[in-house]
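Values below: all heavy atoms of this structure, side chains included; hydrogens, waters and symmetry mates excluded.
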Amino acid sequence: QVQLVESGGGLVQAGGSLRLSCAASGRTFSNYNMGWFRQAPGKEREFVAFITRGGSSTRYADSVKGRFTISRDNAKNTVYLQMNSLKPEDTAVYYCAASVRSGTYYIGASYDYWGQGTQVTVSS
């Protein structure tokens with residue numbers, strides 16, 4: 001089992017920044033690829049960002065590319081999502097997830113463990 005706890009969400013004005021953190025406990029964190037997903041009210045959950053076990057490769061949704069950066073610190077068992085130039089449409093609950101797979105990183109069903117989520121609200 002891997003337990004994931006997100007933090008860092010909040011209310012921010014458009015154009016602002018937030019950094020989300022996801023702390024992992026349980027099994028060896030460095031064995032897992034990590035992803036961030038989000039779900040806005042009335043919408044389906046969508047892929048945001050992905051990072052491989054060692055942090056050497058990342059992937060982003062087109063909607064956040066150039067604004068968001070995913071990173072990880074395996075010594076601290078933590079994955080981060082730096083969000084810059086935030087827009088009202090980024091408003092959602094953000095979830096981190098852990099997976100032993102990498103080929104279908106953009107699909108939520110590929111992930112084995114999920115956090116409880118953290119709310120991000122961007123005001124216009």
J.: Holding to salt bridge (Lys or Arg N to Asp or Glu O under 4.0 Å), I want the full list of residues that pass it with Arg72, two or more places apart in sequence or in another chain.
T.: none

J.: Taking the side chain as everything from C-beta on, heavy atoms only, tell me whether Met83 gets closer than 4.5 Å to Tyr94.
T.: yes

J.: Is Arg101 close to Asp112 at the side-chain level, that is, under 4.5 Å between some pair of heavy atoms?
T.: yes

J.: For residues 14-26, which side-chain N or O atoms pair as donor and acceptor with protein atoms under 3.5 Å away, sequence neighbours left out?
T.:
{"unit_1": "Ser17", "atom_1": "OG", "unit_2": "Asn84", "atom_2": "OD1", "d": "2.9"}
{"unit_1": "Ser25", "atom_1": "OG", "unit_2": "Gln3", "atom_2": "OE1", "d": "3.4"}

J.: Heavy atoms, side chains only, cut-off 4.5 Å: are Glu6 and Leu4 in contact?
T.: no

J.: Donor-acceptor pairs under 3.5 angstrom involving side-chain atoms of residues 86-93: please list them, not counting sequence neighbours.
T.:
{"unit_1": "Asp90", "atom_1": "OD1", "unit_2": "Arg38", "atom_2": "NH1", "d": "2.9"}
{"unit_1": "Asp90", "atom_1": "OD1", "unit_2": "Arg67", "atom_2": "NH2", "d": "3.0"}
{"unit_1": "Asp90", "atom_1": "OD2", "unit_2": "Arg67", "atom_2": "NH1", "d": "2.7"}
{"unit_1": "Asp90", "atom_1": "OD2", "unit_2": "Arg67", "atom_2": "NH2", "d": "3.4"}
{"unit_1": "Asp90", "atom_1": "OD2", "unit_2": "Lys87", "atom_2": "N", "d": "2.8"}
{"unit_1": "Thr91", "atom_1": "OG1", "unit_2": "Pro88", "atom_2": "O", "d": "2.9"}
{"unit_1": "Thr91", "atom_1": "OG1", "unit_2": "Val122", "atom_2": "N", "d": "2.9"}
{"unit_1": "Thr91", "atom_1": "OG1", "unit_2": "Val122", "atom_2": "O", "d": "3.4"}

J.: Quick check: does any side chain N or O of Thr78 sit under 3.5 Å from a backbone N or O of Lys76, one acting as donor and the other as acceptor?
T.: yes

J.: Between Ser30 and Asn74, is there a donor-acceptor pair closer than 3.5 Å when you use the side chain of the first and the backbone of the second?
T.: no

J.: For residues 56-63, please give each side-chain donor-acceptor pair under 3.5 Å, one per line with the distance, not counting sequence neighbours.
T.:
{"unit_1": "Ser57", "atom_1": "OG", "unit_2": "Arg59", "atom_2": "NH1", "d": "3.0"}
{"unit_1": "Tyr60", "atom_1": "OH", "unit_2": "Ile70", "atom_2": "N", "d": "2.9"}
{"unit_1": "Asp62", "atom_1": "OD1", "unit_2": "Lys65", "atom_2": "NZ", "d": "3.1"}

J.: Check whether any side-chain heavy atom of Phe37 lies under 4.5 Å from a side-chain heavy atom of Tyr111, and answer yes or no.
T.: yes

J.: Please step through ring-ring contact (aromatic ring centres under 6.0 Å, His included) for the pair Tyr106 and Phe47, ending with a clear verdict.
T.: CA-CA 5 Å; Tyr106 50 89; Phe47 166 74; 7.1 Å; no

J.: Testing the basics here: between Ile51 and Ser71, what is the closest heavy-atom pair and its distance to 0.1 Å?
T.: CD1-CA, 3.7 Å

J.: Would you check if Val79 and Phe29 make a side-chain contact, meaning some heavy-atom pair closer than 4.5 Å?
T.: yes

J.: Mind checking whether Tyr105 and Met34 have side chains closer than 4.5 Å, heavy atoms only?
T.: no

J.: Listed by chain and number, what are the salt bridge (Lys or Arg N to Asp or Glu O under 4.0 Å) partners of Arg27, not counting sequence neighbours?
T.: none

J.: Residues two or more places apart in sequence or in another chain: which of them pass salt bridge (Lys or Arg N to Asp or Glu O under 4.0 Å) with Asp73?
T.: none

J.: Shared ILVMFWY cluster between Val2 and Val5, side chains joined below 4.5 angstrom?
T.: no

J.: Got Phe68 and Trp36 here, is their nearest side-chain heavy-atom distance under 4.5 Å?
T.: no

J.: According to a 4.5 Å side-chain heavy-atom criterion applied to Ile, Leu, Val, Met, Phe, Trp and Tyr, with indirect links allowed, do Phe50 and Trp114 form part of one hydrophobic cluster?
T.: yes

J.: Do Tyr32 and Arg53 come close enough that some side-chain heavy atom pair is under 4.5 Å?
T.: no

